[in-house]
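Everything quoted here is computed from the prediction, not taken from an experiment.
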Amino acid sequence: MTVDGVLNVHQIFAEYVGTKLLLDVHVNVDGSKTLNEVHGIETQIEHLITASPDIERIYVHAEPPEYSWSRELLPLWSTLTAILIFQNIM
């Protein structure tokens, strides 16, 4: 499944809260989209991902295509878990 308007997922944080995951994901979207359009994209991602019983909460941040940031020291398990979950939104 994809979410229209998502150009890239460039940053993912995942951590366990009890037995469930809390996710923080940063996506790139077209910078010319309106605030309402971007909010709609974020809402679609939230609904898609929180449909999983393993997800407690997700925070979605939308940024223009030229914005990308990564942190080299993320724990490997968090990165791999989140990538497996988010590979379905693009």
What one should report as the nearest heavy-atom pair of G5 and V29 is O-CG1, 3.4 Å
In short, P64 meets G31 closest at the heavy-atom pair CB-CA, 4.4 Å
Can you name the ring pair (Phe, Tyr, Trp, His ring centres under 6.0 Å) partners of H61, sequence neighbours left out? H26
For T19, all residues meeting side chain to side chain contact (heavy atoms under 4.5 Å, CB included), sequence neighbours excluded: none
Contacts of type side chain to side chain contact (heavy atoms under 4.5 Å, CB included), residue E56, not counting sequence neighbours: K20
If you link ILVMFWY side chains whenever their heavy atoms are less than 4.5 Å apart, which other residues fall into the same cluster as L35? By chain and number, please. none
Taken to the nearest 0.5 Å, the spacing of Y16 OH from L21 CG works out to 4.5 Å
Report the distance from atom NZ of K33 to atom CD1 of I41, rounding to the nearest 0.5 Å. 5.0 Å
Is it the case that one hydrophobic cluster holds both [X] and [Y], taking links as side-chain heavy atoms less than 4.5 Å apart, direct or via other members?
{"X": "L22", "Y": "I12", "answer": "no"}
{"X": "V27", "Y": "I55", "answer": "yes"}
{"X": "V38", "Y": "Y59", "answer": "no"}

Can you confirm whether the side chains of D30 and S32 place a donor and an acceptor under 3.5 Å from each other? yes
With sequence neighbours excluded, tell me which residues meet side chain to side chain donor-acceptor pair (under 3.5 Å) with D54. none
Matching residue for N28 among E66, E63, H10 - test: side chain to side chain donor-acceptor pair (under 3.5 Å): H10
Expected list for residues 42-51: side-chain donor-acceptor pairs under 3.5 angstrom, two or more places apart:
residue	atom	partner	partner atom	Å
E42	OE2	A62	N	3.3
T43	OG1	H39	O	2.9
T50	OG1	E46	O	2.6

